[in-house]
Amino acid sequence: MKRGLKVFVGLACLFVIGLPVFAQPSSRSIETFVMDSFDEANAQNYLYDGKPYSWDWNINSSRFVADGFPKKNYFQGAPNSLKQLLKGTDKELGVLGIQTSYKRKGDNWFEVYPVKDDKAYEIPFTGIVSTIDFWVWGSNYNYYIELLVRDASGTVRVLPAGSLAFHGWRNIIINVPSWIQQQSHLRSGPTSMTFVGFRIRSDAEEYVDDFMIFFDQLKYTSNSLSYIYDGYELKDVFAEDSDGSEVEE
């Protein structure tokens, strides 16, 4: 009996070792992509599918916003952790700052979203995203922050990012749920998930006359090779055929 058991275990091990390599997940395809360091406008040089992209940020606010608000500007500064990380470089660190004020308490909100050529722009993600993280400076007001992403089917999804009731900088990390569709089998329409923007809401009982928030270092981790397949380079050859000529038989 013992000898038979040894033979069975040996065969089982041989079967496991003989599994094809592609059936085993590889951590080497997990990468971190920095979307925006918020140092200044239109300076991102974010690479997607081999092409560089840049943008600025704009604000859309609910109806009871006070006159002259919201305000937006770039300022010098960074969280201490990022200062240490970039210590020794000549790079001038910056952050995006926003100030709002509303005429009354209630369900007040504003959205911070990318713009390109004076139009709303959605930043495409590379691969299958597992986490999104960013640094945010809170005013210790009872406000809440959410991330807006558009999935590969075209539906905007809301990812809650927690309360802003704290002082100073905090690194917020969000796990992207596996049920969000990040790839589509269709050749038309969205090809990947995109970043739509941030949404900040006030608690109905919180003061709303003077609120400030700052952003820094928006990035994400992704399985960057998840959408690469054998023959990937052929997916757009007809679109790249500028002369539109037919193939002769």
Side-chain angles (χ1 to χ4, degrees), residues 34-41 44 55-85 93-115 120 122-123 125 129-150 156-177 180 194-221:
V34 177
M35 276 187 163
D36 202 337
S37 58
F38 297 100
D39 293 329
E40 58 181 309
Q44 293 82 10
W55 55 84
D56 196 1
W57 295 85
N58 203 359
I59 312 168
N60 180 37
S61 186
S62 55
R63 60 180 296 190
F64 294 111
V65 65
D67 296 338
F69 292 90
K71 298 179 180 180
K72 179 205 76 172
N73 208 346
Y74 290 89
F75 301 91
Q76 290 186 9
N80 286 331
S81 296
L82 294 182
K83 289 180 181 178
Q84 292 299 317
L85 184 64
L93 303 179
V95 299
L96 175 65
I98 295 161
Q99 185 181 29
T100 61
S101 181
Y102 293 90
K103 298 176 182 178
R104 70 180 196 183
K105 294 181 180 180
D107 183 22
N108 297 294
W109 57 266
F110 64 94
E111 294 177 346
V112 185
Y113 60 95
V115 289
E122 298 181 8
I123 309 170
F125 290 98
V129 180
S130 52
T131 64
I132 306 172
D133 79 87
F134 59 97
W135 286 85
V136 61
W137 187 97
S139 298
N140 202 29
Y141 276 41
N142 197 16
Y143 280 50
Y144 303 91
I145 185 168
E146 302 167 334
L147 265 62
L148 306 177
V149 298
R150 188 183 303 277
V156 174
R157 305 292 184 179
V158 179
L159 304 178
S163 171
L164 293 169
F166 55 84
H167 282 298
W169 289 107
R170 181 172 292 183
N171 185 211
I172 295 180
I173 302 174
I174 300 172
N175 293 317
V176 178
I180 291 183
T194 58
F195 181 83
V196 177
F198 300 95
R199 179 188 291 153
I200 296 91
R201 289 186 177 276
S202 69
D203 185 86
E205 298 300 322
E206 182 58 283
Y207 291 101
V208 293
D209 58 327
D210 183 18
F211 174 78
M212 291 192 305
I213 187 172
F214 297 86
F215 293 97
D216 202 3
Q217 197 78 0
L218 172 63
K219 60 184 184 293
Y220 63 94
T221 57

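Hydrogens, waters and symmetry mates are skipped; everything else that's a heavy atom, side chains included, is used.
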Participant: Given side chains that start at C-beta, do those of V34 and Q217 come closer than 4.5 Å, heavy atoms only?
Facilitator: yes
Participant: For the residue pair D210 and Q99, what are the closest heavy atoms and their distance?
Facilitator: OD1-NE2, 3.0 Å
Participant: Would you please name every residue forming a side-chain contact (heavy atoms from CB on, under 4.5 Å) with A120, sequence neighbours left out?
Facilitator: Y113
Participant: Using side-chain contact (heavy atoms from CB on, under 4.5 Å) as the criterion, list what pairs up with A165, not counting sequence neighbours.
Facilitator: N140, S163
Participant: Minimum heavy-atom separation for F215 and I213, please, with both atom names.
Facilitator: CZ-CD1, 3.7 Å
Participant: Should V149 and T194 be marked as a side chain to side chain contact (heavy atoms under 4.5 Å, CB included) after you check the CA-CA gap, both sets of side-chain angles, and the distance that decides it?
Facilitator: CA-CA 6 Å; V149 298; T194 58; over 6 Å; no
Participant: Using 0.5 Å steps for rounding, measure from the OG atom of S130 to the CD1 atom of I173.
Facilitator: 10.5 Å
Participant: With Q84, which residues qualify under side-chain hydrogen bond (donor to acceptor under 3.5 Å, both in side chains), at least two apart?
Facilitator: none
Participant: Minimum heavy-atom separation for W57 and K72, please, with both atom names.
Facilitator: O-NZ, 2.7 Å
Participant: What is the minimum heavy-atom distance between P114 and V196, and which atoms define it?
Facilitator: CD-O, 3.2 Å
Participant: Could you tell me which non-hydrogen atom of P70 sits nearest to which non-hydrogen atom of T100, and how far apart they are?
Facilitator: CB-CG2, 3.7 Å
Participant: State which residues pass salt bridge (Lys or Arg N to Asp or Glu O under 4.0 Å) with K105; sequence neighbours excluded, sorted by chain then number.
Facilitator: none
Participant: Please report the closest heavy-atom contact between V129 and V176, naming both atoms and the distance.
Facilitator: O-CB, 3.6 Å
Participant: Which residues pass the ring-ring contact (aromatic ring centres under 6.0 Å, His included) test with Y102, sequence neighbours left out?
Facilitator: none
Participant: Mind checking the CG-OG spacing from L164 to S139? Nearest 0.5 Å is all I need.
Facilitator: 8.0 Å
Participant: Just do the side chain to side chain contact (heavy atoms under 4.5 Å, CB included) check on I172 and D133 with the steps written out, would you?
Facilitator: CA-CA 5 Å; I172 295 180; D133 79 87; over 6 Å; no
Participant: Side chain to side chain contact (heavy atoms under 4.5 Å, CB included), that's the test. Do I59 and I98 meet it? Break it down for me.
Facilitator: CA-CA 9 Å; I59 312 168; I98 295 161; 3.7 Å; yes
Participant: Is any side-chain heavy atom of L159 closer than 4.5 Å to one of P177?
Facilitator: yes
Participant: State, with a plain yes or no, whether a side-chain heavy atom of L93 is found less than 4.5 Å away from one of K83.
Facilitator: yes
Participant: Suppose we screen for side-chain contact (heavy atoms from CB on, under 4.5 Å). Which residues come up paired with N73, at least two apart in sequence or across chains?
Facilitator: F75
Participant: Can you check whether H167 reaches W137 side chain to side chain, under 4.5 Å on heavy atoms?
Facilitator: no
Participant: What verdict does the side chain to side chain contact (heavy atoms under 4.5 Å, CB included) test give for F134 and N171, after you've listed the backbone C-alpha separation in whole Å, the side-chain angles of each residue and the deciding distance to 0.1 Å?
Facilitator: CA-CA 6 Å; F134 59 97; N171 185 211; 5.7 Å; no
Participant: A side-chain contact here means heavy atoms from C-beta on lying under 4.5 Å apart; do Y74 and D56 qualify?
Facilitator: yes
Participant: What residues, two or more places apart in sequence or in another chain, satisfy salt bridge (Lys or Arg N to Asp or Glu O under 4.0 Å) together with D39?
Facilitator: K91
Participant: Rounded at 0.5 Å granularity, tell me how far CG in N175 sits from OG1 in T131.
Facilitator: 6.5 Å
Participant: Cation over ring, R201 on Y144, under 6.0 Å and within 45°?
Facilitator: no
Participant: Considering residues at least two apart in sequence or located in another chain, which fulfil the ring-ring contact (aromatic ring centres under 6.0 Å, His included) criterion with F195?
Facilitator: F198
Participant: Can you name the salt bridge (Lys or Arg N to Asp or Glu O under 4.0 Å) partners of D36, sequence neighbours left out?
Facilitator: none
Participant: Check R104 with D209, please: is the shortest side-chain N to carboxylate O separation under 4.0 Å?
Facilitator: no
Participant: Just how far is it from atom CG of D107 to atom OG of S202, taken to the nearest 0.5 Å?
Facilitator: 6.5 Å
Participant: If we only count heavy atoms from C-beta on, is the N60 to W109 side-chain gap below 4.5 Å?
Facilitator: yes
Participant: Any donor-acceptor pair under 3.5 Å linking the side chain of S101 with the backbone of A66?
Facilitator: no
Participant: Tell me every residue that passes side-chain contact (heavy atoms from CB on, under 4.5 Å) with D216, counting only those two or more places apart in sequence or in another chain.
Facilitator: F38, A78, P79, L82, V95, W135, W169
Participant: By the definition ring-ring contact (aromatic ring centres under 6.0 Å, His included), identify the one residue from F166, F211, Y207 that meets it with Y143.
Facilitator: F211
Participant: List in chain and number order the residues that pass salt bridge (Lys or Arg N to Asp or Glu O under 4.0 Å) with K71, two or more places apart in sequence or in another chain; answer none if no residue qualifies.
Facilitator: none
Participant: Once salt bridge (Lys or Arg N to Asp or Glu O under 4.0 Å) is applied, what residue pairs with a partner in residues 136-149 remain, sequence neighbours excluded?
Facilitator: E146-R199
Participant: Does any part of the side chain of L218, heavy atoms only, come nearer than 4.5 Å to the side chain of I132, both counted from C-beta?
Facilitator: yes
Participant: Just verifying a value: how many Å separate L96 CG and S37 OG, rounded to the nearest 0.5 Å?
Facilitator: 11.0 Å
